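Order of the sequence lines sets the chain letters (A, B, ...), proteins ahead of strands, with each chain counted from 1. Side-chain atoms are counted along with the backbone in the values below, which use heavy atoms only and exclude waters and symmetry mates. Worth saying up front: this structure is predicted, and the values here are computed from it rather than measured.
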Amino acid sequence: MNFVDFLLQHSPALIVAIPLLGAFLTPLVSRINNKVRNIFVIIILLITTSIVLLLALDVFAGNIHTYIFGAKDLTLPVVRILFEVDAMSAFMAIIGSILLLVSVIYSWSFIEENSGLDKYYTLVLLLAAGMFGMMLTGDMFNFFVFLEITSIASCALIAFWTNKGKAVEAAFKYIVISSLAALFVLFAIALLYGQYNALNIAVLGSVIQFSYLDKIALVLLVAALAMKAGIVPMHMWLPDAYGRAPASVTIILVGATQASLYGVFRVCFTLYGNTINLSPTSIGWIIVLLGVITMLIGVSMALIQSDFKRLIAFSAVAEIGFIFLGIGTGLTLFANNQMFGLIGSTAMSGGIFHIINDSLDVGLLFLVAGAVYYATKETSLDKMGGLARNMKYTTIFFIIGLLAISGIPPMNGFASKLLIYESTFQLNPILAIVAILSSIMLLAVFVKVFHSVFLGPAQPKFKDVKEVPKTMLFAMGIIASIIIIFGLFPDLVINNIVEPAVNALINYSEYIRQVIPTFTGGF
Amino acid sequence: MSIFESLLNTFETGSGFWNPIVWLVVILIVFLIIHILRGFGNKNYKVDTEQTKPFLSGNPEYSKEKMHIKGSNLYWGFTESLKWIFDNLNKMHTGNTSDYVLWFVIIISVLFLVVGLI
Amino acid sequence: MIFNFPFIAVIALILIGLYAIIFRKNLIKMVIGITIIQSGVNLFLITLGYREGAVAPIFTSLPSGTEIPQGMVFPIPQALTLTSIVIGVAVLALMLSLIIHIYRHYGTLDVRKIGGEK
């Protein structure tokens, strides 16, 4: 067995273990030198990213990986913790690793002047471990543990600027909300465990009955994870947290939010996949309606904000609504084979493609907001103006982000939004109209930002403002180039990355059969 | 070479399509039009004279800070005419942690109703 | 009926906790509310693994004549509860330390006075 095979076999564990190990080594390494520490963290994340890519390549080729902790082979009944990586998990892990890597490169200059940076990097790596764990795990209780690790690490990072009272307050709101959500998730897991005596997602998925208690567990899981994903009207912690955290943290928080979103889809499609015929379309319609409300309220609130990062946070809420709309449309038609083939799979591709587009677009805009803050020390839109004269490259990146988030070709948002519009139009035209309206309002929101921050006469107080350091520009450049590549060649991305992820969600029986080979069911 | 060929594939969604080459051609044409239009401009103006000053219907120019339209003043008409919506939305966002949890409980009870438990 | 009593206690604890978070205005009392919910969930987990008259599942110190495995309680819910308690302590410590910072900045623990940003 050569090294690559060995790496591939153990990759699900390594993706979590390497950042975890790195997290506890970081305080030691930072005793040496600040530069050495930064390079160390970047190398740790580079190694993780390359293992993620290696695993993803194999998973997209059609193999589902399982990794059993503490044993060589799987024995039934399943009592061990196991990681199960299908294309959807790998897809999410790719998003997470891109965001983490960009964030760490950006942090190099962005928070250079702050103290306590060894703790900052430790927490970033812990957050990475928690995030990857949530995405890769195949065990419900393990999912809860990683959810809590993610919450604790991100809460501490939101409060990183403790000298600002608002940041601490936002962190407190975040921890109250996320610990409450996690407790309800645990309660739902206990309900499932009490009935079926199993914690493994695949085992639970094979025996689930959709009894009265199962319905309670489904509601609790969907509501709690949707709250962590920032669905209106449970989104209010999100603008506070995103708005007050340092920009380099916010971009990772986007990834952590997507991990909760992944949890919702895993629960709806895999855990409850076998019972989808018993609950005719109601949970799908719930998700569609929540998505529609999220889009409308998200953009409306974004329109009247006057704080740069808070405004972007509200538009991030709206973007999550698009994802919910797309995937909810798929879930609504899931039981109906014929309709699903016509509309549902398109809607699901749109929704899943939009997960990566949303995290890249919103991430880029947050980085731009951070760059403007770094250069001017201002966050209020009312106090800025004429910055395009001083910060040429940042302005270009902002324009790219603006076009991408509002779904204008040739940026990546266009392709996924087009898929969502067309498929939802066939389900119900009103949904598509609302989606297009929200998209137009998003454009309006960011045109407002563009005018008030970058255009206008040169302000005397910003005479000495310079362009941000090269590492920050480089980090923004990475995301911007991915956005343009995805926008120019959406066909390539959809065929090679998105389609496998969609199929992984739809064919839940494949996921279950990986653990229980005798399982018969599904389509 | 197949990967490069697949790059240029047309991406079909059912009623729309997307092809990078078409898009690049459109961009080129737009830039050509912009270039031609710019060519019509008058080049022989005198720098640092009245000719390069902004003309505000004869009014004097204010200081640079006052000339810039601030972020919260943009879309004034829109937000003013839909004030009742935005006022209600603002009232909803209290910033109070208890209210956030209350919304969570409300959503759980609504979901219980919809799924058919109560 | 008597065996359902722990489950009623679980529901009661969760509802009391939610009441404390939603209607109490002091941050520390809200944190106590979260801790109560946590105790409720932990009690639920422990109750799931309970068997009447069974002993702790420690193989080396079983009383003689214990039936294996019928005479022992389920070990997995206990492991889960232990993990959940450890996580709960970490969250509790984090929340209380944040409250200290909030008190330093705002000089109050009233949830209505610290929130609300535009």
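Using bins of under 30°, 30° to 60° and over 60° for the plane-to-plane angle, the ring pair A:Phe187/C:Phe44 lands in the tilted bin.
C:Leu98 touches chain A through backbone and side chain together, each having a heavy atom under 4.5 Å away. Both the backbone and the side chain of A:Leu191 come within contact range of chain C, each with at least one heavy atom under 4.5 Å from a heavy atom of that chain. Looking at A:Ser179, only its side chain comes within 4.5 Å of chain C, counting heavy atoms on both sides. In this structure, the portions of C:Leu80 lying under 4.5 Å from any heavy atom of chain A include both its backbone and its side chain. With a 4.5 angstrom heavy-atom cutoff, A:Ala159 touches chain C only via side-chain atoms. When heavy atoms are compared at a cutoff of 4.5 Å, A:Phe172 approaches chain C by way of both its backbone and its side chain.
Annotation for C:Ala20 and C:Gly33: closest pair CB-CA, 3.7 Å, computed over non-hydrogen atoms.
Put simply, the residue from A:Leu204, A:Leu192, A:Leu271 that forms a side-chain contact (heavy atoms from CB on, under 4.5 Å) with A:Asp214 is A:Leu192.
Of the listed residues A:Leu180, A:Asn197, A:Thr162, A:Ile149, the one with more heavy-atom pairs under 4.5 angstrom with chain C than any other is A:Thr162. Taking chain A as the reference chain and counting heavy-atom pairs below 4.5 Å, the highest number among C:Ile14, C:Ile21, C:Val31, C:Thr47 is found for C:Ile14.
Side-chain atoms of A:Asp307 and A:Thr379 form a donor-acceptor pair, as typed in the model, at a separation below 3.5 Å.
Using a 4.0 Å cut-off between charged nitrogen and carboxylate oxygen, A:Lys173 and A:Asp240 count as a salt-bridge pair.
Here C:Asn42 contributes atom CG and C:Ile37 contributes atom CD1; the two are 12.0 Å apart, rounded to the nearest 0.5 Å.
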